[in-house]
Amino acid sequence: MTRPGQFASDNYSGICPEALEYMLLANEGDAEAYGEDEWTRKACDEFRRLFETDCDVFFAFNGTAANSLALASLCQSYHSVIAHQTSHVETDECGAPEFFSNGSKLLLGDGAEGKLSPESIAELACKRTDIHYPKPKVISITQATEQGTVYTIDELRAIKDVADRYQLKIHMDGARFANACISLGKSPAELSWKQGVDVLCFSGTKNGMAIGEAIVFFDKQLAEDFSYRIKQAGQLASKMRFLSAPWLGMLKTGAWEKNAKHANQCATYLAERLCEIPGVSLLRPCEANAVFVVLPEQVIVKLREQGWRIYTFIGAGGARFVCSWNSDKARIDQLISDIKQLMAK
Ligand SMILES: *Cc1c(COP(=O)(O)O)cnc(C)c1O
C-alpha cells in the first residue's frame, strides 16, 4: 500500500467523484454492447460540443494504444513519424507505435524543454528524400509535454507551418491536454484543430477517470475504418458504457476543467515553495501539473526512505513531482517541510 497523497504520477490517484457517479449511473440496468449504447452516443456528442466541431471520437483503454493506433491510421508502414527524443511514444510505449503501424519509423527530433522545435522538424523532414529512407508523414507533439511545459499558440502555429510546408499530418498526445488548456487559458478547440491538429489522444485516466482515453479525429477521412483497428488491437470494450459514461460525466459537469485547474494550481504552489528553499531550483519551468526539481541524490534517497514516491528517470538530473485532481495542500506542505529539513542537513 502506498501512503495517500503521492506525487509520483497523476495515475497514482483514484477516480474523481464525477467519473465514478456516471460509472454508477451507467450500471443501472443493461445497455447495448460494443459502443452501440446511449452513454457512448451522448459522450461522443459531448466531445463534439466541447471541441465545437463535427469530429469522430473513439475510446481505448490506455494512452499507449490510443497514440499507437492514431499514428498507425496516419501512416503507411513505409512512412515515418517525427517526435521529440523524450516523447512518450519513443521512450515509454515499448515500440507500440512501430508495432501497430507495421513498422513506421520514429524519427527523433529535439528542442528545448521537451518541445519539438520547427527547425528540428524541418531538418528531419528534408534530411533525405530518396527511396531508401522512410518518408516523413506525421509530426507527433505532446501537450502538455513530458517535461511539464506547454506549447504556446505561437509555437503550435509555427509547427503547423512546417507541417504544411512538408505535407505532414499532426498528432497530439494529450495525456495532459486538459492541463495545457488551463495553463494557457485556451479552449480545447483553440489548442487542437484550430492549430491544425489532425488527431488528438485525450487522456481521461490522468485527468481523474479510472481508465479511458478518447481518440478525437478532426479530419474525419482519417478515421475511416478506425473502429476495425481498435477491435483488432484488442481495445474495443464490449461494455463500452463503462469507458464512455465517465467521460460524459467529466465533460458535462466540467470536472475535466476543474481537475486540471486544481492539479495545475497545486503544482504552481509546490514549485513556488520549493524555490524558496536554499539550494533547490527548478529543472524546467512549471507550466502544467508537474514540477521538475534539481535535488541532491542523498535527499532523493532520504525522501524515498520516508515513503515519498518520486520519478527520476524523466528529466535526468532531477526529480519529478506530479499533482493531480486530488492533490492535497496539507500533503504538499508536508513534502515541502521534509525537503526543507533534508536540505538543511
Ligand atoms: C501517461 C502518458 C501516456 C499514456 O500512458 P499509458 O500508460 O499507456 O496509459 C501517454 N503519453 C504521455 C505523455 C503520458 O504521460
Side-chain angles (χ1 to χ4, degrees), residues 6-15 19 58-72 81-101 106 108-109 111 113-116 138-151 170-181 183 191-192 197 199-216 230 233-235 237 243 246-247 250 256 259-260 263-264 267 284 286-292 309-315 319-325:
Q6 281 299 321
F7 297 89
S9 182
D10 27 12
N11 55 21
Y12 272 49
S13 303
I15 310 170
F58 302 85
F59 301 100
F61 292 106
N62 58 43
T64 298
N67 281 337
S68 303
L69 298 175
L71 289 171
V81 175
I82 297 173
H84 196 279
Q85 57 175 342
T86 63
S87 65
H88 198 273
V89 289
E90 161 64 11
T91 63
D92 286 299
E93 300 191 353
C94 197
E98 293 92 332
F99 176 76
F100 281 111
S101 61
L106 295 187
L108 303 183
E113 295 166 355
K115 294 189 263 186
L116 205 45
V138 184
I139 302 169
S140 175
I141 50 178
T142 309
Q143 178 77 316
T145 73
E146 291 80 358
Q147 311 281 324
T149 54
V150 299
Y151 288 91
I170 302 179
H171 159 259
M172 183 175 272
D173 175 347
R176 300 186 179 91
F177 182 72
N179 305 91
C181 291
S183 171
L191 282 196
S192 57
V197 172
V199 187
L200 167 73
C201 297
F202 188 166
S203 176
T205 309
K206 285 187 175 141
N207 192 230
M209 284 169 47
I211 9 167
E213 317 287 303
I215 303 145
V216 186
I230 291 257
Q235 288 285 321
L243 287 191
W247 263 120
M250 297 298 281
W256 74 274
N259 289 353
N264 286 11
R284 309 256 180 276
C286 169
E287 296 175 349
N289 64 324
V291 187
F292 287 79
R309 300 292 180 95
I310 307 164
Y311 279 13
T312 46
F313 66 91
I314 306 167
R320 185 190 79 165
F321 299 91
V322 184
C323 296
S324 69
W325 71 270

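Residue numbers run from 1 in the order of the sequence given. Both ligands and their constituent atoms are indexed starting at 1 by order of listing.
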Quiz prompt | H84: partners by side chain to side chain donor-acceptor pair (under 3.5 Å), with sequence neighbours left out | solution =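 Only T86 meet the side chain to side chain donor-acceptor pair (under 3.5 Å) criterion with H84.
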
Quiz item: Can you check whether S324's main-chain N or O pairs, donor with acceptor, with N289's side chain at less than 3.5 Å?
Solution: no

Quiz item: Between CG of L191 and OG of S183, what distance do you get to the nearest 0.5 Å?
Solution: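 Here the interatomic distance stands at 9.0 Å.
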
Quiz item: Which residues satisfy the salt bridge (Lys or Arg N to Asp or Glu O under 4.0 Å) test with K115, sequence neighbours excluded?
Solution: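 Result, salt bridge (Lys or Arg N to Asp or Glu O under 4.0 Å) vs K115: E155.
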
Quick check for students: name every N or O atom pair between ligand 1 and the protein closer than 3.5 Å, with distances.
residue  : atom   : partner : partner atom : Å
ligand 1 : 8 (O)  : G63     : N            : 3.4
ligand 1 : 8 (O)  : T64     : N            : 2.8
ligand 1 : 8 (O)  : T64     : OG1          : 2.5
ligand 1 : 9 (O)  : G63     : N            : 2.9
ligand 1 : 11 (N) : H88     : ND1          : 3.4
ligand 1 : 11 (N) : D173    : OD1          : 3.2
ligand 1 : 11 (N) : D173    : OD2          : 2.6
ligand 1 : 15 (O) : R176    : NH1          : 3.2
ligand 1 : 15 (O) : K206    : NZ           : 2.6

Quiz prompt | ring-ring contact (aromatic ring centres under 6.0 Å, His included) involving F202 - partner list, sequence neighbours excluded | solution = F177, W247

Exercise. With the side chain counted from C-beta on, respond yes when Q143 and C181 share a heavy-atom pair under 4.5 Å apart, and no when they do not.
Key: no

